[in-house]
Every structure is written in structure tokens, then in C-alpha cells.
Amino acid sequence: MIAEILHPVAICLILLLIDVTVSPWISIQGWSPDLLLIYVMLFSAQKGKNGGLLVGLFAGILQDFTGGVSLGLLALAKSNLGFWFGYWIEKNGISLSIWLMSLIILISVLIQDTWVALFTLQGSEIEFGQYILGNVLPISIYSAFIALLFIIITGKTLNKVKKGGVLR
Amino acid sequence: MNAIRHYLLWFITTATCFVLILSSQTTQGILLRDRLTDIFVATAHPITSTLRVTKVWRENRELRLQLARLSLQVAENSQSQAELPRLRNMLEFKDRSSVSLKSAEVIGNSPSTGLSGIIVNIGADDNVKFNQPVITSEGVVGRVYRVGATSTIVQLLTDPNLGVAGKLMSSGENGILHSAGRGLLQFHGLPISVKISIGDTVVTSGLGGAYPRGLYLGVVKDYFPSSNEWLWDIDIIPSVNFINIEEVFIVQITK
């Protein structure tokens, strides 16, 4: 039980450290993948909606506390993305291929960063659409690519799931 | 019953997040965030330092060469410097405000997607204060955004919410620069009568007092009519490479 809790906590802390220290080395044109959100979505695919909700909350709070614009902003986004994604695959018994998983991560990063941009760009002179196309979309694509690489390298198999079941 | 429990958990989590959002600007919320950032930075610092050790020996060699060149310059300047007090007295110049630079090592990037920022390894203990300008030898990096006891988050010029008062060197025309995305800055709304050249230097104007005058911001890349036909919008290539900053200087104005 304790190991089940400590494992995602440790992974989130490590990913945050990597995000802060190593991301300048792996960023392209200043675009860095959102490693924590990738982990939240993969965790939700494996453990279901409640796991995705709680890991998303923890990961979001970590990011908010260590450099966020506002407390709770990323926690709200990540927890809800983890919950509703887990809910969707449980309810419909979705068969997750690696390509579908990458697409889901792309859409998740897009949703999260658009949500954050709605808050941060208020009063800014930057055009919202231009910011989404020039910043948010490339980050989403890059994150999806990293997720795809991770799934291929680690050999995670995303098996067919029966309706109402949870991915293992 | 199970379903109700799951939705209840979701509701409690979402409500907690909204409470956090509403309380994020309170004094306690800010203090708590700053404390946790300090703890996190203390953990991240050794990792960043280890990653950079491969660059250190090369930088050391380059710095020794620079030191030798600068020593020669100092020798030439010392004679001119000796004459300055006498000349100032003659012209009864007032003392300019004195500026000190506090060097800081970049620990990492701000992990939040809502803020384009970097984290540095000094804070309030080193007299760092909110809104102090941050520069490198190349030019303006940004400003101090959040200050912990031993760490600081710097908001970069590439953040869409940061503006800086700038000036075109050739014409002296003033304006406010903002991030334009695509790694560029932009001057908005300069009068169409202003003469603009590609490659023209842009520096801080000093207006508003947020940044000292004369710090490099970038060079003009392109210009085009604004949505208002009587005004120019100017794209500017920043003088600082924001992707690869390792050390910055925080400008502390003492007078």
C-alpha cells in the first residue's frame, strides 16, 4: 500500500527535477515537453480515473509550488485530465494503441496549456491564437513525440481492455 | 455507491484546486510557495552544477585570456580615471545613482507552462528584491518575479506578460517591447514618420525607472504596418540567447 503511494510520488519528484535541470538541454526553440503530464496520462491509462486524479493533483501542485503563475492552476488541469481520461477508457473499453496514446497526450497538453494561457494572457498584447499556434501547439507535439519514444523504448504494451475494465 | 464515491473524490479535488487558486495571492500562500521553492532549488542545484562541470575547464581557459586583455585596458584607463574627480568638480556634475551587480547561477527553468522563467540560486538573503532588472553581458534577460530566501524566479523577456521600455538608437524613438513569440520581441505602435533601419540597435530607455538606461535589448529584424495604418510594428531579435543562460546579474540600484 505504502509502496503504491510512494512510487508515483517519487516518479513525480524525479520528473520535476528533470524538468527543471535537464529540460534546457532537450528543449527545441525553447519548447520543452511536459514530462509530468505525460506521466499523469500514462498512469491514468494504467490505474484508472482515481489514480489519474490523485497523481495529476500531486504533479500539478508540485509544478505550481515551484514556479507556477498561480497555485492550483496546473493542479486543476492535470487532475481533471487524468480523471476524465481514465473515466473515458474505463467506460468505453477503449483499445489504446501507441499512436492513440500519443494523440491523447498531444490533446491533453494542448488543453492544459490553453487553460493556463487563458489566465496568463489576460491584458497581454500577444494575440491568443498566435500564442497557441506558436507556443502551445509545438509543445504539445513535442510532448506527444517524447511519450511515443518512451512507450516504444520501455516496451509498454497497451492491451485491449474490456468495457468497464482498466488498462494494465 | 462506488460511482458516487468516485465523483465525490473528483469534486473534493477540484474544489481544493479552486481554493488554492483563490488563496494563491494571499501572504501565506506566497510565503509557502517561496519556502517550498527554496527547498526544491537546494535539491536541484547540485544536479545542475554536475551537468555543467564539463564546460567549466573550457570557460576557464577563455576567461584567463579575457583577463589578460582586460588587465591591459585597466592600465590604460587608470590614468584617465585619475582625472575624472577633478573634471567633475570643475563642471559641478551631480553623482549618478550607483548600481551594483549581484551574480547568480541559473539552476534551471521554471517548470510551469504559464511563466517563461528561470530559477537562480540567490534570494532575499542576498538583498534580491521584486522587480529588480536581470541582465547578462549580452543584454537584458528580464526581471525578478518571485523571491525566496535563497532562490529567485526571474521572468524572462520572452514571457508574454512582461514589457520593457525601449528606445531605437538611431532615431531615439521610445516605446514598449513585448514578447512576440517565435523567439522575437516586438515594438508596437511606433509612428509611421519614424525612420527605421534593419539592424538598428534597441536599448532600454530608462523611462519608468524599472531598468537602467542603455542596456541592450536587441536589433531590428523587420518592420511592417500595424493594424492601425499610421503605426509601425517592429520585430526585434533579442541580444540574449534565452535558451542557454547559465549565469545572470541582478541589478541592484543603491541610490
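Convention: sequence-line order gives letters A, B, ...; per-chain numbering from 1.
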Are K78(A) and Q63(A) side-chain neighbours, meaning at least one heavy-atom pair lies under 4.5 Å?
yes
If you tally heavy-atom pairs under 4.5 Å between each of L13(A), L16(A), N135(A) and chain B, the highest tally belongs to L16(A)
At a heavy-atom separation under 4.5 Å, does I61(A) approach chain B through its side chain, its backbone, both, or neither?
side chain
Can you sort out the partners of W84(A) under ring pair (Phe, Tyr, Trp, His ring centres under 6.0 Å), two or more places apart, ordered by chain and number?
Y87(A), W10(B)
Checking A75(A) against chain B: side chain, backbone, both or neither under 4.5 Å from a heavy atom?
both
Within a strict 4.5 Å, meaning less than it, do heavy atoms of the D19(A) and L15(A) side chains meet?
no
Contact part of L9(B) toward chain A, heavy-atom cut-off under 4.5 Å: side chain, backbone, both or neither?
both
For chain B, which candidate among N80(A), L54(A), L73(A), V109(A) shows the most heavy-atom pairs at distances under 4.5 Å?
N80(A)
Check whether any side-chain heavy atom of I141(A) sits under 4.5 Å from a side-chain heavy atom of W31(A), and report yes or no.
no
Can you list everything that forms a side chain to side chain contact (heavy atoms under 4.5 Å, CB included) with A124(B)? Sequence neighbours excluded, please.
V147(B)
